[in-house]
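Notes to accompany the following structure.
Letters A, B, ... are given to chains in the order of the sequence lines, protein chains preceding strands, and every chain is numbered from 1.
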Number of protein chains: 2
Amino acid sequence: MPAQMPAIPWHKPRKADPRQPLSRSLIVETAIRVLDAEGLSGVTMRRVAQELGTGPASLYAHVSNKEELFELMLERVVAEIRLPLRPEPERWKEQITEICFEAQRVLTAHRDVSLVSLGSIPIGESQLRITEFLLDLLLQVGLPPQVAAWALDGLGQLIDTDAYEASVYTERMARGTDLGAYFDQLRGYLHDLPTDRFPTLQGMADTMMTGDGDQRYAFKIEVFLRGLESFLPAEARTGASAGAGTGAGAGTWAPADRAGLVSDGPGWHGAAGGSGRAGGSERADDSGPAGG
Amino acid sequence: MPAQMPAIPWHKPRKADPRQPLSRSLIVETAIRVLDAEGLSGVTMRRVAQELGTGPASLYAHVSNKEELFELMLERVVAEIRLPLRPEPERWKEQITEICFEAQRVLTAHRDVSLVSLGSIPIGESQLRITEFLLDLLLQVGLPPQVAAWALDGLGQLIDTDAYEASVYTERMARGTDLGAYFDQLRGYLHDLPTDRFPTLQGMADTMMTGDGDQRYAFKIEVFLRGLESFLPAEARTGASAGAGTGAGAGTWAPADRAGLVSDGPGWHGAAGGSGRAGGSERADDSGPAGG
DNA sequence: TTCTTCGAACGAACACTGTTCTACGAGTCG
DNA sequence: CGACTCGTAGAACAGTGTTCGTTCGAAGAA
């Protein structure tokens, strides 16, 4: 808060704080401020009310529930997700990947919110805006309507789940857990598994732990999109389709180049000392494909 | 509770209840009983303690946390998931689909538990057992190790998220919401969307609402598996691979035949007049094979 | 101007929550 | 027999979401 002029003493001296009256949007904004500062579990009616200089009961005049408040918060957050200007069917996979990463950037920028998203049907205006865009894109690509509709479902789950998982790790780290040590420990645990009962897993401990959150996320998106691609009717397939041929060996696979839209600043990725989800948290400064 | 004999008055009249002493597993079992009866939010330390005829403080001698208790509960639940006798690489997609449905069956049979699973790394013994099986299977199919490893991640998220979403609807229905009416309302809402801003979505309202939870789940699994298939090196591809050619038109796509293990009838579909994800837990008595 | 009305604001309270402190009591070891 | 553990609990602390009943301030009616 910047310096503020003192209240003129003879103007309504009775009420010291010239705060604006309560309103739905003011409450939601305040709640989001608390969310960003202390995580979703820190957003309590009392905490929000206190931030507004009032009591918890006052909030119930504008918001019927804590659940409703949460959903309003989610809507406001989702509204921050930016979309490309228009669908470009010829590079639909790249475009969807970009949107997925943009969504994850925004969601994880607000701590835990994705948990709210996980359990609710996305019918808010902002959510529908994204749905509309993706649906349009998928239809233009040539996917059958039913496939496109159901694909949105899966895509939404993918985004939400990954954002939530990422936030869980961020929260855990914010509470003092050293993720680097934790993952090393985990790797050791996998490595020490009894060979007779877990022969495959035990031998692949390192492979299981490879890759940070972004890499894994990109992989999942790519798998889903390739799967979607296989539902394209024969006549809708362009030559660019990675489809069947480009089998990609183990290490040779690389996440789609995420240029454009997502290229704003370092974002959360590097900031907190490493990976979103797994492995090598010591690589905070890696210049990877992601940053801008 | 069946009728119970009254305690013989002159046998230890001091302590009326001849209950067995507290123990970790007894607490976990009791907690799961409460979970099944009242959902995850009903599992409170006080409630579990009360069920055991004691106070909440007594639990902390065996369980360090509510969080730890939840994870112990998850482990016990996941242990119920049955696996096929051995990997059958020649029908890997069917087998994975079966496992996914079996997992969902078990998870949703215990209300909310999947929420616990969503935020934790699956390192319990039972979870690793499943991981080991799937990893073995995927490697036998010929997937590159790194792809197989990361695929497990995605598969786990798919299972957990879908189970959680299903449970959310079940819980909501248990609280009295009529899902049929709710989805009709939702369909109407989509249909009434302003045509200028949501042209695609508005016209596809019905398509968006088509399909029950199982169908959508099967679709997502199929997409993921087809995507995975595209990572098979050329030499590992059998003729059976649906891969590129069998493009499937709009309505012609059908979920993979879920024989054996998952062969439980119509499920809840008819009940709520449509889509969604909830319901039909009334078929717990299916005699599926797959045991072992 | 005065009176009524009505919804927003809010203090207090209710019934909960997870967790900890501390005392009690039985069992075992020396 | 005393000392010493350790599982069992009662009570309490600091919170939680939500509701009740009241107050208050401004707008509309007389």
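Rounded to a whole Å, the CG atom of A/Asn65 is 17 Å from the P atom of D/dT16. When rounded to the nearest whole Å, the span between CD of B/Gln50 and P of C/dC16 equals 10 Å. Distance, A/Leu69 CG to D/dT18 C1': 14 Å, rounded to whole Å. A straight line from OH of B/Tyr60 to P of C/dG18 spans 6 Å, rounded to a whole angstrom. In this structure, A/Arg47 atom CZ and D/dT16 atom P are separated by 10 Å, rounded to whole Å. What separates CD of B/Glu68 from C1' of C/dG18 is a distance of 14 Å, to the nearest Å. When rounded to the nearest whole Å, the span between NZ of A/Lys66 and P of D/dT19 equals 14 Å. A/Glu38 places its CD atom 15 Å from the C1' atom of D/dT16, with the value rounded to the nearest Å.
Between B/His62 and A/Ser64, the residue whose closest nucleotide on DNA chain D is further toward the 5' end is B/His62. Ranked by how close their nearest DNA chain D nucleotide is to the 5' end, A/Met45 and B/Ser23 are led by B/Ser23.
Across all strands shown, A/Thr44 has heavy atoms under 4.0 Å from sugar-phosphate atoms exclusively, and none from any base.
With respect to the salt-bridge test (charged N to carboxylate O, under 4.0 angstrom), the residues A/Glu80 and A/Arg105 do not qualify. In summary, B/Asp36 and B/Arg111 do not engage in a salt bridge, as defined by a charged side-chain N under 4.0 Å from a carboxylate O. One finds a salt bridge joining B/Glu29 and B/Arg76 here, because a Lys/Arg side-chain nitrogen approaches an Asp/Glu carboxylate oxygen to under 4.0 Å. Between B/Arg129 and B/Glu132 there is no salt bridge, since no side-chain nitrogen of the basic residue lies less than 4.0 Å from a carboxylate oxygen of the acidic one.
Closest approach to the B/Ala57 side chain among D/dT18, C/dA8, D/dA9 is made by D/dA9 (side chain taken as heavy atoms from C-beta onward). For B/Ser58, the side-chain atoms get nearest to D/dT8 when compared with the rest of C/dG18, C/dA8, D/dT8.
Contact annotation: side chain of A/Arg46 to base of D/dG15, donor-acceptor pair absent below 3.5 Å.
Annotation for A/His62: atom NE2 counts as buried by contact number, over 12 foreign heavy atoms lying within 6.0 Å.
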